[in-house]
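This report concerns only the one structure given below.
For ligands, and for the atoms within them, numbers begin at 1 and follow the listed sequence. Predicted model only: the values in this text are computed from it and were never measured.
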Amino acid sequence: MNNKVVIIGCGNVGISYAYALVNQKTYVHELALIDLNKERIEGEVMDLNHCLPYAPGKIDIHVGSYSDCRDASIVVIAAGANQKPGETRLDLINKNSAIFKDIIDNVMKSGFNGIFLVATNPLDIMTYITYKYSGLPASKVIGSGTSLDSARLRYLVGDKLGINPKNVHAYVIGEHGDSEFVPWDNAVIGLQKASDFLTKDDMNEIENNVRNAAYEIINKKGATYYGIGTTLVRITNAILGDENLIFSVSNYDKENDVYVGTPAILNKDGVKERIFISLNEEDTNKMINTISVIKENINKIS
Ligand code: NAD
């Protein structure tokens with residue numbers, strides 16, 4: 001691994017990720033930015049380079065082209081349309097699946113053999129498309145999945161209880177979208193079940209707030225990007241640092257032939273292993289439902 005990252009699609013999400021990389025301790029040595037709007041990218045590269053004298057590390061940041069993917073460790077895709085107020089993530093399928101074929105073909109033509117990290121919505125479907133079009137092993141194609149949703153969950157639980165969100169061991173799983181859910185029986189805080197701290201009403205309220213967070217932010221400021229930017233940095237560092245970190249990313253479910261958000265172990269090979277999660281009956285049904293929502297939408301494209 002040469003710790004080179006290429007970002008394809010440097011709008012709100014792509015640039016927030018780049019900015020978060022520059023401002024954090026990271027393993028990334030080289031960062032290449034690709035976007036249809038070349039002039040804006042030249043401006044972004046200048047602006048990001050001006051952070052370096054005060055940044056914690058040194059990164060070679062430059063305007064990229066698809067040939068940069070040849071020796072990249074990770075290609076992050078954040079290209080495509082985002083949700084407009086009132087739009088669901090699934091509404092973006094047709095717009096974004098059309099541009100993905102072109103992008104993946106161009107990346108693979110370069111000789112790329114690293115790890116894809118997908119952020120574009122509808123997330124699980126775009127990650128599946130990337131897997132199919134690239135022909136790479138499933139372990140090397142990862143979507144951000146419910147990792148941002150899990151960050152939102154941990155923040156809200158921590159805020160409610162006055163506990164550091166780092167000590168909230170809880171995940172959102174399933175589709176990165178409206179059918180996602182929190183398996184509360186599996187959530188733990190300080191070795192105690194989350195239900196020892198939260199009432200049923202608290203849990204319902206927090207889960208709804210997580211599910212609706214993107215809609216609320218989009219209504220108020222037009223798009224969401226800081227949360228996903230930092231989340232993508234955490235995933236990047238888990239891969240480049242060979243960390244064996246457990247994270248709820250979108251990963252390949254071979255049995256159902258879908259990508260879906262579940263906890264998985266991340267290291268230099270991408271997804272080293274999916275974690276088997278034992279769910280209660282209600283949550284098992286929610287998992288079956290969320291997988292069928294993803295599957296139905298994949299079928300619409302093909
Ligand atoms: P944006 O419109 O600000 O940026 C998209 C960028 O993609 C633009 O700069 C555009 O020029 C570029 N682009 C489009 N087609 C391209 C192509 N073929 N090649 C290269 N660049 C291309 O949108 P955004 O707010 O940055 O959102 C990007 C995506 O991320 C959306 O699908 C959005 O829904 C998604 N998103 C995901 C999460 C998550 O948790 N995974 C969170 C927020 C947003």
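- Residues Asp149 and His176 bring a donor and an acceptor atom of their side chains to less than 3.5 Å of each other.
- The nearest protein atom to atom 12 (C) of ligand 1, hydrogens excluded, is given as Asp35 OD2, 3.2 Å; this is a heavy-atom distance.
- Residue Asn37 has no N or O atom closer than 3.5 Å to an N or O atom of ligand 1.
- Closest protein heavy atom to atom 26 (O) of ligand 1: Val13 N, 2.8 Å.
- Under the 3.5 Å distance criterion, with hydrogens and angles disregarded, a donor-acceptor pair is assigned to the side chains of Thr26 and Asn237.
- Contact detail for Tyr131 and Val141: the closest heavy-atom pair is N-CG1, 3.8 Å.
- Side-chain contact of Asn256 with Lys254: a donor-acceptor pair under 3.5 Å is absent, judged by distance alone.
- Within the structure, ligand 1 lacks Met126 among the residues with a heavy atom less than 4.0 angstrom away.
- Set against the non-hydrogen atoms of Ile99, the atoms of ligand 1 under 4.0 Å away are 15 (N).
- When every heavy atom of Ile301 is checked against every heavy atom of Ser97, the shortest pair comes out as CD1-CB, 4.1 Å.
- Side-chain atoms of Tyr17 and Thr236 include a donor-acceptor pair closer than 3.5 Å.
- Here's the thing with Asn121: one of its N/O atoms is less than 3.5 angstrom from an N/O atom of ligand 1.
- Scanning the protein heavy atoms around atom 30 (O) of ligand 1, the nearest turns out to be Ala119 O, 3.6 Å.
- The Asn96 neighbourhood of ligand 1 comprises atoms 32 (O), with distances under 4.0 Å to a heavy atom of that residue.
- For the residue pair Asn204 and Asp201, no side-chain donor N or O sits within less than 3.5 Å of a side-chain acceptor on the partner.
- The distance criterion of under 3.5 Å between nitrogen or oxygen atoms is not met by Thr120 with respect to ligand 1.
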